[in-house]
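I have placed the structure first, in the form of structure tokens, so that the comments after it can refer back to it.
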Amino acid sequence: MKNYFLDLFRGAISLLDGMLVTLQALFSRPVTEQYPRQCAELSPNFRGCLALVQDTEGLVLCTACGLCAKTCPSKCLTVERSADVKRKPGSFRYDISHCSFCGMCVDGCPVSALMFKPVRTRVSTSREDFLLELCPADRHGGSPRGPALKSCDP
Amino acid sequence: MDSETTIRIFISVVLVAGFVFANATVMGYLERKLAGHFQRRLGPMEVGWHGILQMPIDGIKLLGKRMLIPKQAEGLIFRLAPVISLSPVLLPLMVIPFSPALQVVDMKVGLIFVLAIEAFGTIAVFLAGWSSNNKYAMMGALRSVAQNIAYEIPILMVALSVALLARSFSLREIVMSQAALWFIVLQPLGFLIYMVAGLSECNRAPFDLPEAESELTAGYLTEYSGIAFSLFMIAEYTHMFIICCLATVLFLGGWQGPELPWAEYSSAIWFLIKAYGLMFCMVWVRWTFPRVRYDQLMNFAWKYLIPFALVNLFVTALGVYIYEKLFS
């Protein structure tokens, strides 16, 4: 008999406790980000898009050894040596639609010339828009370049 | 019946029917919005300002859907069940006194009438579950019947305690007798029992076993689609509203509140504030507690609610008897 009332009392207290938790949630700010209009901040190590690392003068570190293209399980990288500059890439093509963002190219690069940039998923209606040229032809620098794609990054 | 009464009843039926649909729309929206905010989400945001047109749009969508009837189902009863579920919920609203003037008829046995008509909902659920010819639906219907039998008893006993205090079964007189003191002060335990059993009566979480999604897909609603489904949903929200109205009448002093101009009509505001406050609590409870297990549900009714309701009734009767001996 004692347990009967004790159970009831404890149960009631724990129920009130639970109701208090949800009431606090009701009056605190919603955590929802309404995606197309608002964007959550991306973590700096978010794997959004591959990019070539540049030195202070804006030159890419890449030596065009081609190891990244060999290790890539999705075969989405194509590296071609530059015709005029020694040990520099002439073109560094990256098919983001095939990329699984596994990071094996970044890990395997002997000169740490590859990195992931925290940019949001690209959206496009044409397949060609996902073929990116990471290395501009004129200078061996620059960032991921491609046709202007819709992105909600400011 | 003279023509004035006929016109009065006709107008009030139209008003009540309109109110039922408006209530379902508002409550549907509020429920989804509150559910969101209780979980720190936003709820509907896309249709109209802060998703305010979401429910009308959903209604139009459901109207446009075809009502599928399973081949093996009992066609006539399957079609009839949503109508049976919706039509009786209009009747209790006829006797509920929203304000001194806003009451269609004042029945001498209004309280019993409301509780009797409320029980019709169970029949509709059972018919829907049985005629669907679906195991989930059948299980949901069986659960609903057992649950409603168990939880109707404490509601009746608590209502009886209140009727003893007010010395009347007429809802208007129950409200009038609370002019000095609301019955929630005299019957706090009764109010608690009523609200718990009321939650179970309208099959709402944490007592929503007849439509437990994780166990029975949607219980008795499994085979329903389109407008039939929405009729069930409207009936559910109206049930909820009636349970809260009755709680307001029995415990929270009905339309009583600070004096307003044109109090004959405008005091309905107090009534609606109290009723919707209780509805908010129901939504709050739904989004706080997980569903109870079936044996817990039955144990709770038979081991806790019914004994406590019996004790409450006995103490009330004794109190009323002693009070009358002393002061008359």
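Note that this is a predicted model, so its numbers are computed, not measured. Lettering follows sequence order; numbering is per chain, from 1.
A side-chain donor from one of B/W284 and A/T22 sits under 3.5 Å from a side-chain acceptor of the other.
The shortest heavy-atom contact between A/P30 and B/L42 is CG-CD2, 3.6 Å. Among all heavy-atom pairs drawn from A/S28 and B/R40, the shortest one is OG-NE, 3.4 Å.
Looking at A/Q34, the atoms closer than 4.5 Å to chain B (heavy atoms on both sides) all sit in the side chain, from C-beta outward. Residue A/Y4 touches chain B through both its backbone and its side chain, counting heavy-atom pairs closer than 4.5 Å. Interface residue B/F289: only side-chain heavy atoms are found under 4.5 Å from chain A.
For the atom pair CG (A/L23) and NE2 (B/H37), the distance works out to 13.5 Å, reported to the nearest 0.5 Å. The CZ atom of A/F5 sits 9.5 Å away from the OH atom of B/Y304 when rounded to the nearest 0.5 Å. B/T288 OG1 to A/D17 CG: the interatomic distance, rounded to the nearest 0.5 Å, is 11.5 Å. Taking CE of A/M19 as the reference point, atom CH2 of B/W287 lies at 14.5 Å (rounded to 0.5 Å).
In B/F314, the CZ atom is not crowded: 12 or fewer heavy atoms of neighbouring residues, nucleotides or ligands sit closer than 6.0 Å. The number of heavy atoms from other shown groups lying within 6.0 Å of OH (B/Y321) does not exceed 12.
Looking at heavy atoms from C-beta onward, A/L26 lies in side-chain contact with B/L34 at the 4.5 angstrom threshold.
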